[in-house]
4 protein chains.
Amino acid sequence: MDRPESRPAGRPRDADADDRIIDAALAEYAAHGHAGYSLNGVARRAGVGKSSIYLRWADKESLLVDAVHARAEAPWIDTGSLRGDLEAVVTWLLRHFLTEVGWVAVRIAIDGVQTDTSAPRPEKVGAQHAQVIHDVWERALSRGEVDPGDAGTWLRVTRMMYGDLLMNAMLDRARLRGLDDDERAREARDLVDLMMLLLQR
Amino acid sequence: MDRPESRPAGRPRDADADDRIIDAALAEYAAHGHAGYSLNGVARRAGVGKSSIYLRWADKESLLVDAVHARAEAPWIDTGSLRGDLEAVVTWLLRHFLTEVGWVAVRIAIDGVQTDTSAPRPEKVGAQHAQVIHDVWERALSRGEVDPGDAGTWLRVTRMMYGDLLMNAMLDRARLRGLDDDERAREARDLVDLMMLLLQR
Amino acid sequence: MDRPESRPAGRPRDADADDRIIDAALAEYAAHGHAGYSLNGVARRAGVGKSSIYLRWADKESLLVDAVHARAEAPWIDTGSLRGDLEAVVTWLLRHFLTEVGWVAVRIAIDGVQTDTSAPRPEKVGAQHAQVIHDVWERALSRGEVDPGDAGTWLRVTRMMYGDLLMNAMLDRARLRGLDDDERAREARDLVDLMMLLLQR
Amino acid sequence: MDRPESRPAGRPRDADADDRIIDAALAEYAAHGHAGYSLNGVARRAGVGKSSIYLRWADKESLLVDAVHARAEAPWIDTGSLRGDLEAVVTWLLRHFLTEVGWVAVRIAIDGVQTDTSAPRPEKVGAQHAQVIHDVWERALSRGEVDPGDAGTWLRVTRMMYGDLLMNAMLDRARLRGLDDDERAREARDLVDLMMLLLQR
DNA sequence: CTTTAAACGAGACGGTACGTCGGGTCTTACA
DNA sequence: TGTAAGACCCGACGTACCGTCTCGTTTAAAG
């Protein structure tokens, strides 16, 4: 019997180490901030040699990007209506931007912007958000709730939504933390009201 | 005879050095990015001893914050109408977020967010934006274009505006860079259209 | 099977680096004097990172002490007579105090004296001299050339010998440098004449 | 009308400052040792600007040399006999090498030795010792206690004396500190016994 | 069962930047 | 012109971390 790609010789990677390293990376970042996020610290916390990290990632930045990507799970959303989907997305993001991993993702995305060049940059971090938004749009299209010609408006409106949530998470973090589920739902409804207004203009 | 506050003893600070240091800091940041922004490098570029920097700022982070604050000038806007003011603000921001200093300010603001605590954080960087937005609102109020009860909506709408522009600057930087003045004006008009719609709902 | 002490984990120390560092330290000291002896310079000259030095020594002073200790070799002396041994010691010291390492050792010994306290101080530098003198005494004792009761006189006489050579090396260095082997031997004989006189009083 | 040396224009030197600086220099050296002897500290302790120090001395080393020279007073010795003079000198030195200023002088003399060159070096520190020894010799000569041909022996014997006292002060400092006047006198007599033996050989 | 080969932990390696401190010079206002 | 104060440029200090390297050990497949 054939095995298309046989395992390479030598001792196999310790799959558990990946997890321990990723968790340690996020924990160190959370504990000491960007400046205090050190690979020495990650290795120590993960109980792992530095070489095991460098076998897997090229540098501390790549590790952080992958860690965020690995731990930031997008919800699976399909409520049956555009409005419902949007409320679900907004509710998710209201929480997400308050989490450690969610905010690290924001920092990475901002840091990754090259100010001087138009060179393509690693899009890993934002990809799952793009996917969620795209799916909502596709389902709304297939239900006939939106018109293919509104793609431009859709883009702008979702951008405004992200922006509002980002600014909110940045400037009013303490209040947002204190919200219970009902209040969060109301907050989401208010924002979606405006979005629907713009989309149905 | 009055001498409100006499000069302190000793050789006075070299005022020119402040400027050279600030320019060097921004230039180093621009040249080598966040990771490569080193105080040794700043001192070398400014032709200044490290101690002269540490006499003025506590650490490299404070220097960067102050440098951004010192070099990021807000426009003086008063067009006579809410719509005109908003278009002027948007046009300014469309440029601003593409500049080195403008984007460094964004990074600093994002980095300054404490994820774990609600402790007050240095607001220096965002203050001038807040001022500009506040002034537009006050003038619109005094002209009777808006209602004092709409303050909440105003807050949300401007947040959405900033967010749209931020996301745009982050995700579509290359295109934005290529715009000429007319295109930028059109872009601004489109966004303000949506904002006015929401404000006058 | 015995393995008295197994090697510790991790990459082993580079034994060659020790030598390079020690040589560099003495060379820097010789080149730039006490004031110009800098660890940065030592690291540069040895082609070594500063961390590799601080892994081995606590500070620049300890390095210098160890360097002197490592490079200052005492001769192996056993001529068969007290007079012969003393002449050998004196001849050695006449050279030794003119060498770089020999004189650095003197400076360290002098600097190490605590003027205000009687606390014990690192004796490393002087230990080998003490050993040589002690051995000469023991052999003379076993040959019956001296009396155990003369220990006090022996101590004083050898102290005077060291002192004479030290003062000579300090005040008349240029002349001493110019001596050839015969002259040095005569110089040694003259001093030992006096010492024998005192010992046999 | 003539004024032989007219006071120079401008503010006159503060005569008291010299003393305060010298005392501060020795005190700082005593307090923090060679490494901790800093001009900043001296200026602070003396209540003086650094520039006032640099107006008087070229660098911190010169200041220390002068400070030692200014504060190290030699005794005036004339007992009427060679033996008496020598005992007085030894008794003085037994104390002197235990004092702060006395030992600093030793360090400076040792440090000043150029290991690589025969260039003349500042002899200031040793000069007064040389003078005292010379005077004792001259008086002994004029009394007919020694022969002019013994100058070489005199040189060597005094060198041995200094050396014995130096080594003693270095290696056995604690014991020497504890001596009372009688014990010190006995110690001096013992050494002078040996010296006289060598001189009268 | 032995060999081979890679991953593992540990930690030393050469560098570089940190923030502090001291040296010797310079620039002020005052005496 | 001297003085006290203190800023100036420079460069060393000792620490921390980067990304690489070199060990001896462990693991699992191949021979």
Side-chain angles (χ1 to χ4, degrees), chain A residues 6-14 17 35-44 46-60, chain B residues 6-14 17 35-44 46-60, chain C residues 6-14 17 35-44 46-60, chain D residues 7-14 17 35-44 46-61:
Chain A
S6 74
R7 245 209 332 91
R11 176 173 172 175
R13 290 269 172 91
D14 178 353
Y37 159 67
S38 92
L39 260 195
N40 282 353
V42 171
R44 204 178 316 121
V48 138
K50 272 204 290 181
S51 38
S52 296
I53 301 182
Y54 280 102
L55 274 178
R56 295 162 160 86
W57 291 278
D59 51 39
K60 62 191 296 218
Chain B
S6 77
R7 257 217 316 95
R11 176 172 174 175
R13 292 270 171 89
D14 179 354
Y37 158 66
S38 94
L39 259 194
N40 282 357
V42 171
R44 204 177 316 120
V48 140
K50 269 203 292 181
S51 35
S52 296
I53 301 183
Y54 281 104
L55 272 178
R56 295 164 160 84
W57 290 278
D59 51 40
K60 62 193 299 220
Chain C
S6 76
R7 256 219 315 99
R11 175 172 174 175
R13 292 271 171 88
D14 179 353
Y37 158 66
S38 94
L39 259 194
N40 282 358
V42 171
R44 204 177 316 119
V48 139
K50 268 204 289 181
S51 36
S52 296
I53 300 182
Y54 280 104
L55 234 33
R56 294 165 162 82
W57 290 278
D59 50 40
K60 61 192 299 223
Chain D
R7 253 219 312 103
R11 175 171 174 174
R13 286 256 174 113
D14 178 354
Y37 159 65
S38 92
L39 264 194
N40 283 350
V42 171
R44 202 179 316 119
V48 137
K50 271 204 288 180
S51 36
S52 296
I53 300 182
Y54 279 102
L55 272 178
R56 294 163 160 84
W57 290 277
D59 51 40
K60 64 190 297 220
E61 226 48 55

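The sequence lines fix the lettering, A, B, ..., with proteins before strands; numbering per chain opens at 1.
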J.: How do Ser52(A) and Gly47(C) order along DNA chain E: which one's closest nucleotide is nearer the 5' end?
T.: Ser52(A)

J.: Using a 4.0 Å heavy-atom cut-off to protein, can you give one letter per nucleotide of nucleotides 13-19 of chain F, 5' to 3': B if the base is in contact, S if only the sugar-phosphate is, - if neither?
T.: BBB-SSB

J.: Does CZ belonging to Arg13(C) count more than 12 external heavy atoms closer than 6.0 Å?
T.: yes

J.: With sequence neighbours excluded, what pairs up with Ala43(B) under the side chain to side chain contact (heavy atoms under 4.5 Å, CB included) test?
T.: Lys50(B), Ile53(B)

J.: Starting at CZ of Arg13(C) and ending at C1' of dA10(E), how long is that distance when rounded to a whole Å?
T.: 13 Å

J.: Show me the protein contacts with nucleotides 1-5 of chain E, counting only N or O atoms at under 3.5 Å.
T.:
none

J.: Please report the closest heavy-atom contact between Gly41(A) and Ser38(A), naming both atoms and the distance.
T.: N-OG, 2.8 Å

J.: Taking atom C1' of dG9(E) as reference, at what distance in whole Å does atom CG of Leu55(A) sit?
T.: 12 Å

J.: Please name the pair of heavy atoms, one in Tyr54(C) and one in Asp59(C), separated by the smallest distance, quoted to 0.1 Å.
T.: CE2-CA, 4.1 Å

J.: Does Arg56(B) have any side-chain hydrogen bond (donor to acceptor under 3.5 Å, both in side chains) partners at least two apart in sequence or in another chain, and if so, which?
T.: Asp18(B)

J.: side-chain hydrogen bond (donor to acceptor under 3.5 Å, both in side chains) with Lys60(A): which residues, sequence neighbours excluded?
T.: none

J.: I want to check one thing: is the phosphate of dC8(F), taken as OP1 and OP2, less than 4.0 Å away from some side-chain N or O of Arg56(B)?
T.: yes

J.: Just to verify, what does Asp14(A) make a side-chain hydrogen bond (donor to acceptor under 3.5 Å, both in side chains) with, not counting sequence neighbours?
T.: none

J.: Separation of Ile53(C) atom CD1 from dG14(E) atom P, in whole Å?
T.: 9 Å

J.: Give the minimum heavy-atom separation between Val48(A) and Ser52(A), together with the two atoms involved.
T.: CG1-CB, 3.9 Å

